[in-house]
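Okay, so here's the structure we're looking at.
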Number of protein chains: 2
Amino acid sequence: MAKQTTIHDIAKALGINSSTVSRALNDHPRVSIKTKQKVFEMAKEMNYQPNVLAANLRTKRSNTLGIVVPHISRAFFSNVIAGVEEYAQQKGFNVIIAQSKDMLERERKSVQTLMNSRVDGILISPALGNEDAQHIQEVIDRKTPVFFFDRHYKNIETTRVLMDDQQISAALASNIIQQGAKRFLVLSGDLKTSIYQNRLQGINNMLADYELPEAMVQETNLTYESSSALIEQIVQEGSFEFDAVMAMNDMAALGAQEALKKAGFTIPDQVLISGFSNEMFSRFSSPPITTVDQNGDKLGYMAAKKIIDFIEDPDPIAVEETSTLKSELILRKSSQRYQ
Amino acid sequence: MAKQTTIHDIAKALGINSSTVSRALNDHPRVSIKTKQKVFEMAKEMNYQPNVLAANLRTKRSNTLGIVVPHISRAFFSNVIAGVEEYAQQKGFNVIIAQSKDMLERERKSVQTLMNSRVDGILISPALGNEDAQHIQEVIDRKTPVFFFDRHYKNIETTRVLMDDQQISAALASNIIQQGAKRFLVLSGDLKTSIYQNRLQGINNMLADYELPEAMVQETNLTYESSSALIEQIVQEGSFEFDAVMAMNDMAALGAQEALKKAGFTIPDQVLISGFSNEMFSRFSSPPITTVDQNGDKLGYMAAKKIIDFIEDPDPIAVEETSTLKSELILRKSSQRYQ
DNA sequence: CTGAAAGCGCTAACAA
DNA sequence: TTGTTAGCGCTTTCAG
């Protein structure tokens with residue numbers, strides 16, 4: 001590391017005190033314009049780079065946000081990250097990322113690491129199928145804000161930025177019912193997770209409204225493979241008795257669609273299909289798959305805004321609010337018999 | 001911020017000196033086992049959290065990696081990030097991300113921010129169509145390692161972890177030639193960018209080997225829309241005289257394929273098509289599209305390994321090496337006339 | 001408007 | 001094996 005210029009070097013070169021340099025650099029009001037100018041010039045000349053670490057140590061603020069997601073490379077989450085980064089960089093915040101891979105142990109470790117790095121706040125979408133939120137509570141107890149996005153721990157009261165899973169699922173179900181479907185099969189992820197509960201709830205509410213029977217539910221890991229295998233099995237068993245498949249992501253929807261096509265069913269004439277999350281491929285499958293666009297980047301932007309605004313002006317009253325972002329229905333051929 | 005326990009608090013509680021506590025906590029060899037035990041116990045009891053900021057300030061190391069990508073949410077880059085994070089977290093490094101959106105100004109600013117955060121090294125895939133690498137040179141001059149992945153600035157000599165664009169493109173072209181194609185249309189991105197140059201080079205080399213004419217080249221922004229519009233236009237003009245389209249990403253390949261199908265051509269019988277990057281949808285289009293899998297996560301993992309290993313043991317000799325990662329040909333129906 | 005001085009929490013000579 | 005001491009580079013009272 002080549003010797004970096006410090007405020008002391010600038011001070012010495014200018015024959016003034018380093019505290020004045022510090023103030024000038026921070027645009028403190030009680031510094032004369034002339035001094036400021038001199039300082040800025042000299043700083044540029046000496047190629048001064050502020051040592052943020054030192055400032056952070058002093059001010060106990062790092063201007064850094066931590067974000068922990070289950071999987072960085074999943075379309076939805078990478079959009080969220082992009083949104084977070086967008087707002088953060090506007091406000092001069094860094095973003096440190098960590099992924100839990102949906103494992104509690106890694107989530108704990110990630111949170112721990114972020115805390116050690118003295119982030120000013122943590123945005124987290126918790127690992128699936130876990131209810132033990134003690135590690136989160138500890139962070140909050142230490143006065144570092146933790147806000148949830150997309151997923152959340154039920155027993156932690158803090159700001160949440162969620163998607164309108166229940167409403168949009170209801171809207172989607174309604175649309176599919178109007179296409180003539182009566183018996184629904186739902187391909188769900190782990191039902192201990194709030195988002196899947198909410199989506200199922202939305203679907204069943206709508207079915208009830210139309211006085212249709214509750215949806216059949218299969219918990220799977222929502223991959224292409226497991227979903228097509230499941231459908232294949234159901235077809236072989238002859239226990240096939242649904243005319244609509246609502247999958248809780250696009251991979252599973254596509255797996256179901258391909259398995260059904262292979263078994264000789266036509267989509268959407270015999271079975272209606274919908275997915276979730278608007279992965280790019282769902283637009284190009286045959287038929288294209290109806291899905292829900294979740295606007296991950298907007299969610300990220302909003303979550304970042306909430307937590308950064310809170311960090312800059314902690315208002316204890318607003319801490320426990322829950323915001324819900326609107327998703328968008330993307331109706332495509334897989335669920336549209338009539339145009 | 002609730003008062004955090006420091007090493008001094010532990011020292012006082014134990015009646016020893018804080019430097020001993022520091023050493024014990026860092027598992028320094030010259031501390032008695034007994035003392036270490038006592039320290040660890042007390043640390044746990046007092047819920048001690050090390051202040052990494054202070055340590056960093058002192059040691060001038062942050063155990064943090066900066067990574068700047070053009071677009072966080074692009075499949076390839078988010079895989080790279082996932083790979084980087086994977087290795088980094090094994091080695092106890094944080095990862096700060098920034099995106100340039102392929103804009104030089106944002107790239108400059110990102111690099112600047114990372115430098116101010118005192119990252120120990122920067123991994124970067126530069127913005128497209130830019131040759132002015134002064135901001136990178138400055139970082140290197142300040143002795144912070146900057147390694148390239150996927151893309152690079154030609155005039156900066158540093159470690160690069162690249163994909164085998166030229167070789168794999170040649171292999172792909174060879175395969176397509178063997179299917180009977182003679183006149184190639186290449187849908188390329190900005191040809192100022194090394195990866196596109198390399199891919200084109202690989203294709204043309206192979207064409208030369210077979211004594212076929214050079215490929216026709218169209219520079220586009222490689223979106224579905226621009227590519228299908230371009231093909232449509234070519235067809236309408238009647239200037240259509242190719243029997244193979246090699247697109248430099250899957251979006252463009254799909255756009256070309258759909259436009260050709262709409263114009264009445266059959267794929268692969270009349271025109272052979274290939275894409276690049278193995279987006280998920282290319283597997284499910286009709287026909288499925290031949291493409292190249294780039295293993296973004298492996299690249300990320302490797303780049304992270306290179307730079308972290310270098311940070312931990314700077315070896316000036318190894319700094320200018322270029323590694324090339326093997327891609328994988330994914331041959332599908334769009335380019336396979338004969339099975 | 002500027003200077004002096006203390007200290008954020010930690011590490012690392014050097015000394016004992 | 002442990003203690004003493006200095007200081008990383010910055011911010012921030014308190015004085016002037």
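Chain letters run A, B, ... following the sequence lines, proteins first, then strands; residues in each count from 1. None of these values were measured; they are calculated from a predicted model.
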Whole-Å distance, B/I16 CD1 to D/dT4 C1', equals 14 Å

Exercise for review: Go through the steps to decide whether B/N295 and B/Y301 satisfy the test side chain to side chain donor-acceptor pair (under 3.5 Å), and finish with yes or no.
Suggested key: CA-CA 10 Å; B/N295 286 324; B/Y301 191 91; over 6 Å; no

Any side-chain donor-acceptor pair under 3.5 Å between A/N56 and A/S62?
no

Please list, pair by pair, any protein nitrogen or oxygen found under 3.5 Å from a nitrogen or oxygen in nucleotides 12-16 of chain C.
from, atom 1, to, atom 2, distance (Å)
C/dA13, N6, B/R23, NH1, 3.3

In whole angstroms, the gap separating C1' of C/dC10 from CZ of B/R61 amounts to 15 Å

Whole-Å distance, A/N56 CG to C/dG9 C1', equals 13 Å

B/H28 atom NE2 is separated from C/dT11 atom P, nearest whole Å, by 12 Å

Separation of D/dC8 atom P from B/R118 atom CZ, nearest Å, is 13 Å

_Please determine whether side chain to side chain donor-acceptor pair (under 3.5 Å) holds for the pair B/S32 and B/T35, giving the CA-CA distance in whole Å, both sets of side-chain angles, and the decisive distance to 0.1 Å._
CA-CA 5 Å; B/S32 74; B/T35 317; 2.4 Å; yes

Will you find, in the side chains of B/N63 and B/R61, an N or O donor that is under 3.5 Å from an N or O acceptor?
yes

To the nearest angstrom, the NZ-P distance between B/K12 and D/dT2 comes to 20 Å

| Are the side chain of A/T113 and the backbone N or O of A/K109 linked by a donor-acceptor pair below 3.5 Å? | yes

Numerically ordered, the residues 33-54 of chain B set in heavy-atom contact under 4.0 Å with DNA chain D is B/T35

Taken to the nearest whole Å, CD1/B/I7 to C1'/D/dT4 is 14 Å

TODO: Please determine if a side-chain N or O atom of A/N26 lies less than 4.0 Å away from the OP1 or OP2 oxygen of D/dT11.
DONE: yes

Taken to the nearest whole Å, CG/B/L57 to P/D/dA6 is 18 Å

With the side chain defined as heavy atoms from C-beta on, B/H8 is closest, among C/dC10, C/dT2, D/dG9, to C/dC10

Discussion item. For A/K60, is there an ion pair with A/D120 - N to carboxylate O distance below 4.0 angstrom?
Written reply: no

Taken in chain and number order and not counting sequence neighbours, the residues that satisfy salt bridge (Lys or Arg N to Asp or Glu O under 4.0 Å) with B/D297 are none

query = For the ring pair A/F147 and A/F310, is the centre-to-centre distance below 6.0 Å?
reply = yes

**Asked** Given side chains that start at C-beta, do those of B/I307 and B/L123 come closer than 4.5 Å, heavy atoms only?
**Response** yes

